[in-house]
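Beneath this line is the structure, given in structure tokens, with notes to follow.
Proteins get letters first, then strands, A, B, ... in listed order; numbering begins at 1 in each.
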Number of protein chains: 2
Amino acid sequence: MNARGRPRSFDRSVALERAMDVFWARGYAGTSISELTEAMSINSPSLYAAFGSKEELFREAVALYVATDDACTLQMLEGELTTRDSISAMLFASARSCVRPDKPVGCFVVLGATNGGPETDAAQQFLCDQRKDMARRIRHRLERGVADGELPSGLNLERIAAYFGTVIKGMSIEARDGANGETLLSVAKSAMLGWDALTSTQG
Amino acid sequence: MNARGRPRSFDRSVALERAMDVFWARGYAGTSISELTEAMSINSPSLYAAFGSKEELFREAVALYVATDDACTLQMLEGELTTRDSISAMLFASARSCVRPDKPVGCFVVLGATNGGPETDAAQQFLCDQRKDMARRIRHRLERGVADGELPSGLNLERIAAYFGTVIKGMSIEARDGANGETLLSVAKSAMLGWDALTSTQG
DNA sequence: GTATTTATGTGTCGGTCGATACATAAATCA
DNA sequence: TGATTTATGTATCGACCGACACATAAATAC
């Protein structure tokens with residue numbers, strides 16, 4: 001049982017990838033349908049037929065980003081490294097992913113919809129949820145560290161996760177401001193220097 | 001020799017302050033002339049007569065912000081505290097200024113123009129310069145620490161400044177995502193835990 | 001083949017954007 | 001007072017926004 005009617009003349013996933021790059025570089029509010037259709041090499045009716053609306057296309061683009069370009073960052077938390085090495089690897093991966101060649105600078109989830117009019121509120125909220133999910137994963141990794149006996153109990157894991165989340169978010173802006181990969185890696189390294197004090201119950 | 005003609009019927013500095021709050025809350029691209037004129041209680045011809053254009057008004061709003069709401073943050077670097085205490089006080093002041101009552105959340109300089117179309121490039125560049133100026137002031141404070149003998153020579157001050165600049169920038173996004181003052185203060189505190197290692201030549 | 005279904009390209013919708021033209025109102029200077 | 005200068009309110013400019021109507025083209029089902 002195949003689909004009837006005229007088949008789509010463009011590759012949907014390729015078009016989505018093009019859209020992701022545009023949204024990533026210019027943000028939700030800063031991207032117009034014209035820019036999208038040009039980058040996707042289609043006309044606006046095809047865009048609306050395939051993706052519904054600008055906002056739905058944005059959500060799909062973010063999902064694609066999280067599943068591809070951003071996957072390696074949070075993946076660092078899933079392996080068998082120690083808690084400390086996991087967090088460190090995540091920061092380094094995040095730093096590297098902020099300055100990928102041939103890709104927009106900075107993290108799409110961090111910079112994709114920071115400001116705009118009321119019509120961008122939904123997109124902002126969507127990215128905010130993604131960021132909170134990131135912080136949640138960091139906290140879960142810390143909880144695992146406590147369960148494994150690597151970290152003492154009684155730590156305020158929420159605040160430790162907030163600290164590292166803050167560093168990750170800051171690095172994206174730093175990258176947009178022109179920081180090179182070397183600088184970002186040194187920032188990641190610097191952020192880890194307080195680890196022992198951060199994970200002791202004395203702090 | 002007084003001014004001739006009909007005098008201005010509104011207080012220019014009050015109007016500028018209103019404009020600052022709108023730009024601060026919604027960003028450059030997300031703020032329309034309509035929102036500005038409504039908040040300023042004037043009509044658009046008066047806005048253009050008094051401020052020239054949206055972009056010039058934005059620049060004045062940023063300058064006002066830097067001179068008032070943001071002044072206390074960098075002012076922490078100018079006093080007679082030790083280098084460590086200066087940086088720490090700056091982070092704490094930045095954390096507090098991110099969640100001021102009756103003010104938009106986060107730092108205007110960090111969040112005021114992150115993304116948008118090509119017509120926002122000038123505003124973005126302007127804020128980027130402001131952020132680099134902040135990093136430059138931090139570095140100058142560190143240089144003073146070296147000159148005073150508080151810090152060893154041979155440190156890479158640029159990278160230390162980049163680290164603290166990253167934390168400050170990240171805190172604004174954290175605040176926009178809903179972090180409360182207590183959380184931000186704990187982030188600032190966490191960011192200082194690596195100070196000794198960060199300012200030793202072993203790192 | 002013919003009918004049906006779906007996607008495409010052209011053109012355009014109402015709305016809003018930033019920015020002004022214009023005539024009028026309100027002040028100072030002579 | 002009259003002449004001049006400046007600011008105000010109304011109304012609107014062309015451009016662009018996101019979204020879609022419509023007729024046509026291209027595929028499958030029968």
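Residues B:Ile138 and B:Tyr163 are not in side-chain contact: their nearest non-hydrogen atoms beyond the backbone lie 4.5 Å or more apart.
For the atom pair A:Arg144 CZ and A:Leu77 CG, the distance stands at 8.5 Å (nearest 0.5 Å). One finds the OH atom of B:Tyr28 at 7.5 Å from the CD atom of B:Glu119 (value rounded to the nearest 0.5 Å).
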Using a cutoff of under 3.5 Å, can you pull out all pairs of nitrogen or oxygen atoms linking the protein to nucleotides 13-17 of chain C, with atom names and distances?
from   : atom 1 : to      : atom 2 : distance (Å)
C:dC17 : OP1    : B:Ser32 : OG     : 3.3
C:dC17 : OP2    : B:Ser34 : OG     : 3.4

Using a cutoff of under 3.5 Å, can you pull out all pairs of nitrogen or oxygen atoms linking the protein to nucleotides 21-27 of chain C, with atom names and distances?
from   : atom 1 : to     : atom 2 : distance (Å)
C:dA25 : N3     : B:Arg6 : NH1    : 3.3

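In the helix from C:dG1-D:dC30 to C:dA30-D:dT1, the end axes, each obtained as the rotation axis mapping the C1' atoms of four pairs onto the next four within a five-pair block, lie 10° apart to the nearest 10 degrees.
Applying the ring pair (Phe, Tyr, Trp, His ring centres under 6.0 Å) criterion to B:Tyr48, with sequence neighbours excluded, gives no partner residue. Taking B:Tyr65 as the reference, B:Trp24, B:Phe108 meet the ring pair (Phe, Tyr, Trp, His ring centres under 6.0 Å) condition, with sequence neighbours excluded.
The salt bridge (Lys or Arg N to Asp or Glu O under 4.0 Å) test with B:Arg100 singles out one residue from B:Asp21, B:Asp70, B:Asp69, and that residue is B:Asp69.
Remark: the backbone N or O of A:Arg84 is not paired with any side-chain donor or acceptor of A:Ser88 at under 3.5 angstrom.
Between the side chains of A:Asp129 and A:Gln125, at least one donor-acceptor pair of N or O atoms lies under 3.5 Å. Defined by atom type and a distance below 3.5 Å, a donor-acceptor pair is present between the side-chain atoms of A:Gln124 and A:Thr120.
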Please output the side-chain donor-acceptor pairs of residues 152-159 of chain A that fall under 3.5 Å, not counting sequence neighbours, one pair per line with the distance.
from     : atom 1 : to       : atom 2 : distance (Å)
A:Asn156 : OD1    : A:Glu158 : N      : 3.3
A:Asn156 : OD1    : A:Arg159 : N      : 3.3
A:Glu158 : OE1    : A:Arg139 : NE     : 3.2
A:Arg159 : NH2    : B:Glu182 : OE2    : 2.7

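Taking only side-chain nitrogens and oxygens, B:Asn43 comes nearer than 4.0 Å to OP1 or OP2 of D:dG9.
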